[in-house]
Amino acid sequence: QVQLVESGGGLVQPGDSLSLSCVASGQTVNTYTVAWFRQAPGKEREFVAGSTRIGSNVYRTRYADSVKGRFSIARNNAANTVYLEMNNLRPEDTGMYYCAAGLVQDSEIQSDYDSWGQGTQVIVSS
């Protein structure tokens, strides 16, 4: 497994942007499928964004419908870091955000990931 540490959460206003970071250690994540999930109070943890390698340093990304066009998942392989760039944030984006990694082709379900960070809190409120 990979050890993952998220950072970058905080309190922001609607319409603001925020970038979350997930630093990996123990393994390089360039060949792993990586994803971001979030969980609001009283809600099931849900898939937000994912990135899977399809070959030759090319990655396929996918997003939940609720964040398409606003969020972007990116990698810096040299830094062994995964990012979630969030734009035009809405109150419904509030929650604990987790990064995850697994040796899977592509997945939106939690059980396919065996490495998880501890989470970073995002609160969007005016």
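Since we're looking at a predicted model, the values are computed, not measured.
Looking only at side-chain heavy atoms (C-beta outward), I73 and V82 come within less than 4.5 Å of each other. Residues P14 and R90 fail the side-chain proximity criterion, which asks for heavy atoms closer than 4.5 Å. You'll find the side chain of T94 stays beyond 4.5 Å of the side chain of V122, heavy atoms only.
Summarising the hydrophobic clusters (Ile, Leu, Val, Met, Phe, Trp, Tyr; side-chain heavy atoms under 4.5 Å, direct or chained), the residues clustered with I54 are V58. Taking Ile, Leu, Val, Met, Phe, Trp and Tyr as members and joining any whose side-chain heavy atoms lie under 4.5 Å apart, directly or through other members, the hydrophobic cluster of L11 also contains I123. Grouped with Y98 in one hydrophobic cluster are F37, F47, M96, Y113, W116, the linkage being side-chain heavy-atom contacts under 4.5 Å among Ile, Leu, Val, Met, Phe, Trp and Tyr residues.
By the 4.0 Å N-to-carboxylate-O rule, K68 lies close enough to D65 to be salt-bridged with it.
Every pair tested for ring-ring contact (aromatic ring centres under 6.0 Å, His included) that includes a residue from residues 60-88 fails, sequence neighbours excluded, so the list is empty. Each disulfide bond (SG atoms under 2.5 Å apart) pair with one or both residues in residues 7-119, not counting sequence neighbours, appears once here: C22-C99. Applying the disulfide bond (SG atoms under 2.5 Å apart) test to every pair with at least one member in residues 42-78, sequence neighbours left out, gives no pairs at all. Pairs engaging residues 5-28 under the ring-ring contact (aromatic ring centres under 6.0 Å, His included) rule: none recorded [sequence neighbours left out]. Pairs of residues two or more places apart, or lying in two chains, never qualify as ring-ring contact (aromatic ring centres under 6.0 Å, His included) while including a residue from residues 7-36. Pairs of residues two or more places apart, or lying in two chains, never qualify as side-chain hydrogen bond (donor to acceptor under 3.5 Å, both in side chains) while including a residue from residues 117-126.
Side-chain atoms of D16 come within 3.5 Å of backbone N or O of Q13 as a donor-acceptor pair. The backbone N or O of R70 sits nowhere less than 3.5 Å from a side-chain atom of N88 that would complete a donor-acceptor pair. E6 places a side-chain N or O within donor-acceptor distance of the main-chain N or O of G119, the cut-off being under 3.5 Å.
A distance of 12.5 Å separates OG of S21 from CG of L4, quoted to the nearest 0.5 Å.
No side-chain donor-acceptor contact under 3.5 Å links Y59 and N30.
Nearest heavy-atom pair across V2 and A24 is CG1-CB, 3.5 Å. Between L84 and A49, the shortest heavy-atom contact is CD1-CB, 4.0 Å. Contact between G9 and L20 at its shortest, heavy atoms only, is N-CD2, 3.6 Å. The two residues V104 and S107 make their nearest non-hydrogen contact at CG2-CB, 4.3 Å. Nearest heavy-atom pair across V67 and V48 is CG2-O, 3.5 Å. Closest heavy-atom contact between G26 and Q3: CA-OE1, 3.7 Å.
Take R62 and apply the salt bridge (Lys or Arg N to Asp or Glu O under 4.0 Å) test, not counting sequence neighbours, and it matches D106, E108. Residues meeting the side-chain hydrogen bond (donor to acceptor under 3.5 Å, both in side chains) test with N76, sequence neighbours left out: none. Evaluation of the side-chain hydrogen bond (donor to acceptor under 3.5 Å, both in side chains) rule for S51 yields R75 as partners, not counting sequence neighbours.
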Go through the steps to decide whether L18 and L89 satisfy the test side-chain contact (heavy atoms from CB on, under 4.5 Å), and finish with yes or no. CA-CA 8 Å; L18 199 63; L89 284 160; 3.8 Å; yes

Using the rule given for side-chain contact (heavy atoms from CB on, under 4.5 Å), can you reason through E46 versus R38, listing the C-alpha separation, both sets of side-chain angles and the distance that settles it, and then say yes or no? CA-CA 5 Å; E46 64 176 354; R38 69 186 180 190; 2.8 Å; yes

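By the rule that hydrophobic residues join a cluster once side-chain heavy atoms approach within less than 4.5 Å of another member, V5 and Y97 end up as members of separate clusters.
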